[in-house]
Novice: 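This is the structure I want to talk about, given as structure tokens.
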Amino acid sequence: MRSSLQSDDMSEILINESERQGRYTPAEIEPKWQARWDADGALYAAEGHDSGKPKFYCLEMLPYPSGQLHMGHVRNYAIGDALARFMWMRGYNVLHPMGWDAFGLPAENAALKNNTPPREWTLTNIAAMRKQMQRMGLSYDWSTEVTTCLPDYYRWNQWIFLKMFEAGLAYRKKSKVNWCPECQTVLANEQVIDGCCWRHEDTIVELRDLTQWFLRITKYSDELLTGLDKMDGWPEKVRTMQRNWIGRSEGTLVDFAVDGEVKAEGSTGDLAKITVFTTRVDTIFGATSVQLAPEHAVAKAFAAADASLAAQIEELLEQQKRAREAGDVGAIEKHGIPTGRFAVNPFNGERVPIWVANYILADYGTGAIMSVPAHDERDFEFAQKYSLPVRRVIAPNVDTDAAGLELPYTGEAEAVLIDSGQWTGEACLEAQQKMAAFAAEKGFGTATVTYRLKDWGVSRQRYWGTPIPMVYCQQGHEGLEPGGVVPLPESALPVELPPQVEITQQGGSPLGRVPEFVNTVCPVCGGPARRETDTMDTFVDSSWYFYRYTDAKNSTAPFSSEKAKYWFPIDQYIGGVEHAILHLIYSRFWTKVMRDLGLIQNDEPAARLFTQGMVVKDGAKMSKSRGNVVSPDLMIERYGADATRMYALFAAPPDRDLEWQEEGVAGISRFLSRVYRLTIKYKDAHTAANTLASQSVAGEKLLRKLHQTIAKITQDFSGRWHFNTCIAAIMELVNEVQSAEAAMDSGEVPTATVAEVFRTLVLLLAPFAPFVSAELWAEIGGQGQVFRTPWPVADEAIARESEAEIPVQVNGKLVSVVKVPAGSEDAVVKAAALADAKVIARIEGKTVAKTILVPGKLVNLVVK
RNA sequence: GCCCGGAUGGUGAAAUCGGCAGACACAGCGGACUUAAAAUCCGCAGACCUUAACCGGUCGUGGGGGUUCAAGUCCCCCUCCGGGCACCA
């Protein structure tokens, strides 16, 4: 009894063992290779400038270390990794780094929730995510890893900030800033989406008057804009978004003198005139009022002298605020208040009423406009509501019966001025130039350019960010008033974050509550000083991290200029489109600043940008709230990293959204099993004596397919990146190999051919499925690392089909397909088509009026 | 409102230069193997009509028009979906 049981057990074990032989087991293969790769720090390291190879900088956007890799990351990194591995195999010196965008609010929130210090929480997450990335088999050079929350990185934020301060590019000013009550900090304009916080979609941003640090991105407005024209390696969509964001607008400033005296206590500006900004100075004879933003200095001056007006303006601002809070941003009904005062139109001397209106933006242009209801949609709507006069001064041509024109008439390209004094009859576009010149000559105006882009507010009232390296000298010293700003000397860097800080929900900068941080001495006079307690926006960190990768360990400079010169620009940057106007515009700005500081020579950070599509599930973006998140860990556990990342590339072209279907991952896993089984089955072919067997039909067919596959994948890598069709092509090849199994078994296919097919197949698979490729490469006795083995080259002669199947159409309809030798003369193809039984039946009794013959493609017989 | 994308079988998709629409997969169905199931392998598979079956035919790439011997692909108009911008003077 006992012995039989034992023998049963034995046989079962033996079956399992033998079944496992030749079976694809990612759970064994992947950890084995991962351990070897992790142990070899130099495996994916880039070579120096003198490598003699062409360089290729392949970069994926660095993640925020939330602690969990999500499918969006998997897709992003699978794309970058395939490209990096391919470029290695093509003989490039590849830089493929990874790092962590490690400062930011979630760490503070976690601190509040779990009482874990932000630094510890962040570093733990980083370790977990690095592990996940390694488990994915991503080919990063970890020796260049950058972690933005560590002093050896952020000290260079501080260093560059000081350089910017010296250059006048960093400055402090008091202004209305966006305040997110949820984040308890201010936000840059770019971080406000539809009036709400970019991190808290339902939290309405408040406006607060605060003194903040700004970076003068507007100095580069024009360069940031015109540079886009040359950036043909970037998606047009992103370029358009940036153009819109920069919002360049050519126009004219015109001074309207205020009729009567304007008194205001404490106001410094010139209140005797209102300067309006207009892009349509040609319509100025149609101006019937001047409209001021409620915040305009002249409006305030009027209000100061008129309590009723002041109350109404106050009410206007209240309405606006209420509308914002109700979420009706952008859809506020137009309201206005007549001030009872008048301004003088300098072009015709006419007195027009001055109004205060809620549709005038204080922070665009001059906060004041001339209202031309006949030729502007908004002014027209406003004039209708308040029954203001509408005066036509533009028409398609001088003879048009202007009274019959539908208003507002906003055309300008093919229009002329009417009833406009000496300008009557002029074309609009020309009149704009001439009238601006006229205004300049007479001293009441000037041509100008305005931008929507505003300087970048970088102060954050948070703990977990880069300390701003500035102090305020309490007593002041020569040339500095008490409380004045003093930059720290370079030798004082880094200004490190104090480790023990109580994170609370209360407002104000947490650093302000750490006396040992705040209290310091003035580096100039040695007197008592207070440190700046705000920290930098985390977008500062990500604006230049990719330079640091080239020289991550440098402790005397942010990076070596020489190294940057070698590696830049980034050859391929890959990431989500959601950063189109945040990270990607800041990075461009930072590059220009560093260029002007002499650190680098390139004008733009990245030659090519690729924005991948989202990963969705059941048609919706994966999110915790929808409960449709698929965990990469689970997929890897079930199907392996190779199948998971390969599915991410196979299910859709990379620029489109990708629907995650687990069955699809299982399918890829089955495919890899087939590859594995076949490669192992024929592995002896690689060591067998090279028989002199002559090539067979079956062998030729296999080689033809093989070389066609090489050609297709090679081409796709350099062009469209349709990895889905690359993988489909490999599947077709494997299908063909599988159906040739009998021919390979019988020896009909020469051993050398079998060996070539499988060796090449493993190489073709390497960029997409690195683990199984490495395993199979070792199994077939491949030398060295598979992904440093030269990429196979397609032989056109072998790939060429010997026979062509030519579809034959009659009157454009497919009737038959004829086989002819490849490259046949037109006459031969035509004769074959006319000799085809189905074709004969179809054209019987009719005459062929015309024959269209596209060589190698088709024959179309037009018959009557 | 303006500017970009997109719409192809039951599903994800392919068709790169105007030339056989649906490659490659997923799900499904049928078969082989198995005591059985799983796994694996082989096969079928756009819709409709016709047929006992084969054969054969018609329609078909969001809708409508056009250009062409030939249109998923080019042109004009429209619908729907996704994204961006939006009182920017």
Side-chain angles (χ1 to χ4, degrees), chain A residues 19 23 193-194 235-241 243-245 247-249 251-252 276-281 283 291 329-334 357-361 363-372 375-379 381-382 450-453 577-578 580-581 613-614 616 619 621 647 650-653 655-668 670-671 673-674 677 712 715-716 719-720 722 724-735 738-739 741 805-817 849-854 856-863:
Chain A
E19 264 185 356
R23 193 139 162 227
I193 317 285
D194 288 336
E236 193 51 53
K237 180 189 166 107
V238 172
R239 292 196 277 167
T240 304
M241 284 167 75
R243 277 189 197 105
N244 289 341
W245 187 259
R248 184 180 198 272
S249 176
T252 312
V276 304
F277 173 69
T278 177
T279 55
R280 292 296 305 273
V281 68
T283 65
Q291 303 285 341
V329 185
I332 304 169
E333 203 202 329
K334 290 180 178 50
N358 66 345
Y359 73 100
I360 308 305
L361 304 174
D363 60 357
Y364 183 78
T366 58
I369 64 150
M370 62 177 199
S371 177
V372 185
H375 307 294
D376 182 278
E377 301 273 357
R378 296 147 304 179
D379 294 345
E381 190 191 328
F382 188 84
T450 30
Y451 296 88
R452 210 178 86 107
L453 184 71
V577 75
E578 65 271 17
I581 43 181
M614 282 189 308
V616 302
K621 186 180 178 175
Y647 174 75
F650 176 68
D655 53 333
R656 255 202 262 180
D657 284 354
L658 179 146
E659 170 75 29
W660 196 269
Q661 285 180 306
E662 188 168 341
E663 297 82 4
V665 191
I668 297 286
R670 283 197 291 273
F671 165 73
S673 299
R674 282 199 294 280
R677 180 186 70 82
K712 161 146 191 67
Q715 195 191 335
D716 255 349
R720 340 180 282 165
H722 277 201
N724 53 331
T725 57
C726 287
I727 293 169
I730 299 177
M731 288 172 168
E732 281 188 57
L733 172 64
V734 172
N735 289 347
Q738 192 163 326
S739 52
E741 247 185 301
E805 294 191 347
I806 306 293
V808 183
Q809 297 178 338
V810 174
N811 289 341
K813 288 201 170 176
L814 182 70
V815 170
S816 185
V817 177
K850 193 174 174 187
T851 305
I852 286 115
L853 202 144
V854 185
K857 289 280 188 189
L858 99 170
V859 178
N860 187 9
L861 304 169
V862 184
V863 302

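The basis for the numbers below is simple: all heavy atoms, side chains too, and nothing from hydrogens, waters or symmetry mates. Residue numbering restarts at 1 for every chain, and letters A, B, ... go by the order of the sequence lines. Fair warning: this is a prediction, and the values are worked out from it, not measured in the lab.
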Novice: Closer than 4.0 Å, any side-chain N/O of A:Q738 to the OP1 or OP2 of B:C42?
Specialist: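 Yes, because at least one side-chain N or O of A:Q738 sits under 4.0 Å from OP1 or OP2 of B:C42.
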Novice: Taking the side chain of A:N724 as its heavy atoms from C-beta onward, which of B:A14, B:A15, B:C20 lies nearest to it?
Specialist: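 Among B:A14, B:A15, B:C20, the one nearest the side chain of A:N724 is B:A14.
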Novice: With both distances kept under 3.5 Å, what pairs with B:G10, Watson-Crick or G-U wobble?
Specialist: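 The base-pairing partner of B:G10, which may sit in any strand shown, is B:C26.
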Novice: Select one nucleotide: of B:A23, B:A25, B:C85, the one nearest the side-chain heavy atoms of A:A728.
Specialist: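 Among the listed nucleotides, the one closest to the side chain of A:A728 is B:A23.
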Novice: With a non-hydrogen cut-off below 4.0 angstrom, is A:G667 in contact with a base, only sugar-phosphate, or nothing?
Specialist: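 A:G667: backbone/sugar contact only, no base atoms under 4.0 Å.
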Novice: Is there a side-chain contact between A:R280 and A:D376, using heavy atoms and a 4.5 Å cut-off?
Specialist: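 The answer is no, as the side chains (C-beta and beyond) never meet within the 4.5 Å cut-off.
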Novice: May I ask you to say what A:F650 touches in the nucleic acid, namely base, sugar-phosphate or nothing, with a heavy-atom cut-off under 4.0 Å?
Specialist: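 The answer is base, as A:F650 lies within the cut-off (heavy atoms under 4.0 Å) of a base atom.
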Novice: Counting only side-chain N and O atoms of A:R452, is one of them less than 4.0 Å from OP1 or OP2 of B:A86?
Specialist: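 Checking A:R452 against B:A86: at least one side-chain N or O falls below 4.0 Å of OP1 or OP2.
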Novice: If you find the nucleotide of RNA chain B closest to A:T366 and the one closest to A:M731, which residue's nucleotide is nearer the 5' end?
Specialist: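 The 5'-side residue here is A:M731.
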Novice: Measuring only the P atom in each nucleotide, how far is B:C17 from B:A25? A whole number of Å is fine.
Specialist: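 These two P atoms come out 25 Å apart once rounded.
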Novice: OP1 or OP2 of B:C20 less than 4.0 angstrom from a side-chain nitrogen or oxygen of A:Q809, does that happen here?
Specialist: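 No, no such contact exists.
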Novice: Looking at A:I668 and A:F650, what are the two nearest heavy atoms and their distance?
Specialist: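 Closest heavy-atom pair between A:I668 and A:F650: CD1-CD2, 3.8 Å.
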Novice: Would you tell me if any nitrogen or oxygen in the side chain of A:Y364 comes within less than 4.0 Å of OP1 or OP2 on B:A89?
Specialist: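 Yes.
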Novice: Considering only side-chain heavy atoms of A:R720, which listed nucleotide, B:A89, B:A15, B:C3, is closest?
Specialist: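 Nearest listed nucleotide: B:A15.
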Novice: Is B:C74 in the syn or the anti form, by the rule that syn lies within 90° of 0?
Specialist: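 Because its glycosidic torsion lies more than 90° from 0, B:C74 adopts the anti conformation.
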Novice: Rounded to whole angstroms, how far apart are NE2 on A:H722 and C1' on B:A23?
Specialist: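 The answer, rounded to whole Å, is 15 Å.
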Novice: Check whether any side-chain nitrogen or oxygen of A:R656 sits under 4.0 Å from OP1 or OP2 of B:A14, and answer yes or no.
Specialist: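 True: A:R656 side-chain N/O within range (under 4.0 Å) of B:A14 OP1/OP2.
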Novice: Side chain of A:R670: nearest nucleotide among B:U40, B:A89, B:A14?
Specialist: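 Side chain of A:R670 sits closest to B:U40.
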Novice: Once you round it to whole Å, what is the distance between C1' of B:C4 and CD1 of A:I581?
Specialist: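 Rounding to the nearest Å, CD1 of A:I581 and C1' of B:C4 are 14 Å apart.
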Novice: Please tell me which of the listed nucleotides, B:A89, B:C4, B:U16, lies nearest to the side chain of A:I369?
Specialist: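 That would be B:A89.
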Novice: If you go through the side-chain atoms of A:N860, does one of them form a donor-acceptor pair with the base of B:C69 closer than 3.5 Å?
Specialist: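 Flag set: donor-acceptor pair detected.
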Novice: Work out how far the P atom of B:A47 is from that of B:C29, and round it to whole angstrom.
Specialist: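 Going atom to atom, P in each nucleotide, I get 15 Å.
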Novice: From the set B:C87, B:A89, B:G84, return the single nucleotide nearest to any side-chain atom of A:M241.
Specialist: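 Closest nucleotide to the A:M241 side chain: B:G84.
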Novice: Expressed in angstrom and rounded to an integer, what is the separation of A:L861 atom CG from B:G19 atom P?
Specialist: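 Distance check: A:L861 CG to B:G19 P gives 19 Å.
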Novice: Using a heavy-atom cut-off of 4.0 Å across all strands, would you classify A:I668 as base, sugar-phosphate, or nothing?
Specialist: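 Touches nothing.
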Novice: Could you state the CD-P distance from A:E333 to B:C87, rounded to the nearest angstrom?
Specialist: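 Taking CD of A:E333 and P of B:C87, I get 16 Å after rounding.
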Novice: Quick one: look up who B:U51 pairs with, Watson-Crick or G-U, both distances under 3.5 Å, and put none if it's unpaired.
Specialist: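 For B:U51, the partner nucleotide comes out as none, under the 3.5 Å rule.
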Novice: Expressed as a whole number of angstroms, how long is the span from A:E236:CD to B:G84:C1'?
Specialist: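 Nearest whole value for this atom pair: 13 Å.
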Novice: Is a donor-acceptor contact shorter than 3.5 angstrom present between the side chain of A:K850 and the base of B:C69?
Specialist: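 Looking at the base of B:C69, it does not pair with any donor or acceptor on the side chain of A:K850 (distance under 3.5 Å).
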Novice: For B:G9, does the glycosidic angle fall within 90° of 0 (syn) or outside that (anti)?
Specialist: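 Here the answer is syn: the torsion falls within 90° of 0.
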Novice: Suppose we call a contact any N or O donor and acceptor under 3.5 Å apart; does that hold for the side chain of A:K813 and the base of B:U58?
Specialist: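 No, the side chain and the base share no sub-3.5 Å donor-acceptor pair.
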Novice: Do A:V817 and A:I806 come close enough that some side-chain heavy atom pair is under 4.5 Å?
Specialist: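 Not in contact.
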Novice: Tell me the closest heavy-atom pair linking A:C726 and A:K712, and the distance in Å.
Specialist: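 Shortest heavy-atom separation between A:C726 and A:K712 comes out as N-CE, 4.5 Å.
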Novice: Both A:V854 and A:K334 contact RNA chain B. Taking the nearest nucleotide for each, which residue is further toward the 5' end?
Specialist: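 Comparing both residues, the 5'-ward one is A:V854.
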Novice: Examine B:A23: is either OP1 or OP2 under 4.0 Å from a nitrogen or oxygen in the side chain of A:N735? Give yes or no.
Specialist: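 For A:N735, the contact criterion (side-chain N or O under 4.0 Å from OP1 or OP2 of B:A23) is not met.
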Novice: Which nucleotide, if any, forms a Watson-Crick or G-U wobble pair with B:C87, using both distances under 3.5 Å?
Specialist: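 Here B:C87 is not engaged in any pair, so there is no nucleotide opposite it.
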Novice: What contact category does A:K712 fall into here, base, sugar-phosphate, or nothing, at under 4.0 angstrom with non-hydrogen atoms?
Specialist: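 Touches a base.
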Novice: Can a side chain N or O of A:T725 be found less than 4.0 Å away from OP1 or OP2 on B:A23?
Specialist: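 Result: no.
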Novice: Would you call A:R243 and A:E236 a salt bridge, taking side-chain N to carboxylate O under 4.0 Å as the test?
Specialist: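 Here A:R243 pairs with A:E236 in a salt bridge, since their nearest N and O are under 4.0 Å apart.
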Novice: Given side chains that start at C-beta, do those of A:D379 and A:Y359 come closer than 4.5 Å, heavy atoms only?
Specialist: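 Side chain of A:D379 against side chain of A:Y359, heavy atoms only: contact under 4.5 Å found.
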Novice: Going by purine N1 to pyrimidine N3 plus the second Watson-Crick contact, or the G-U wobble pair, all under 3.5 Å, which nucleotide sits opposite B:G5?
Specialist: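 WC or wobble partner is B:C81.
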Novice: Taking the side chain as everything from C-beta on, heavy atoms only, tell me whether A:I852 gets closer than 4.5 Å to A:Q809.
Specialist: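 No - every pair of side-chain heavy atoms lies 4.5 Å or more apart.
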Novice: Got a second to check how far A:E381's CD is from A:K334's NZ, nearest 0.5 Å?
Specialist: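 So the CD of A:E381 and the NZ of A:K334 are separated by 3.5 Å.
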Novice: Over all strands shown, is A:E377 touching base, sugar-phosphate only, or nothing at heavy-atom distances under 4.0 angstrom?
Specialist: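 No contact at all - A:E377 keeps every heavy atom at 4.0 Å or more from the nucleic acid.
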Novice: Under a 3.5 Å limit for both distances, which nucleotide forms a Watson-Crick or G-U wobble pair with B:A70, could you say?
Specialist: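 The answer is none; no pair meets the criterion.
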Novice: Suppose you measure atom C1' in B:U58 against the same atom in B:A7; what distance do you get, rounded to whole Å?
Specialist: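 Result for the C1' pair: 25 Å, nearest Å.
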Novice: For B:A36, give its Watson-Crick or G-U wobble partner with both distances under 3.5 Å, or none.
Specialist: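 Pairing partner: none.
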Novice: Expressed as a whole number of angstroms, how long is the span from A:W660:CH2 to B:A27:C1'?
Specialist: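 Distance, rounded to whole Å: 18 Å.
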Novice: Rounded to the Å, how far apart are A:Y647 OH and B:A25 P?
Specialist: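 Taking OH of A:Y647 and P of B:A25, I get 14 Å after rounding.
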Novice: Figure out the CD/P separation between A:Q661 and B:C26, and round it to whole Å.
Specialist: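 Distance check: A:Q661 CD to B:C26 P gives 11 Å.
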Novice: Should A:E662 and A:Y647 count as side-chain neighbours, where that means a heavy-atom distance under 4.5 Å?
Specialist: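 The answer is no; the side chains never approach within 4.5 Å.
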Novice: Kindly point out which of B:A14, B:A13, B:C87 is positioned nearest to the side chain of A:A652?
Specialist: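 From the listed options, B:A13 comes nearest.
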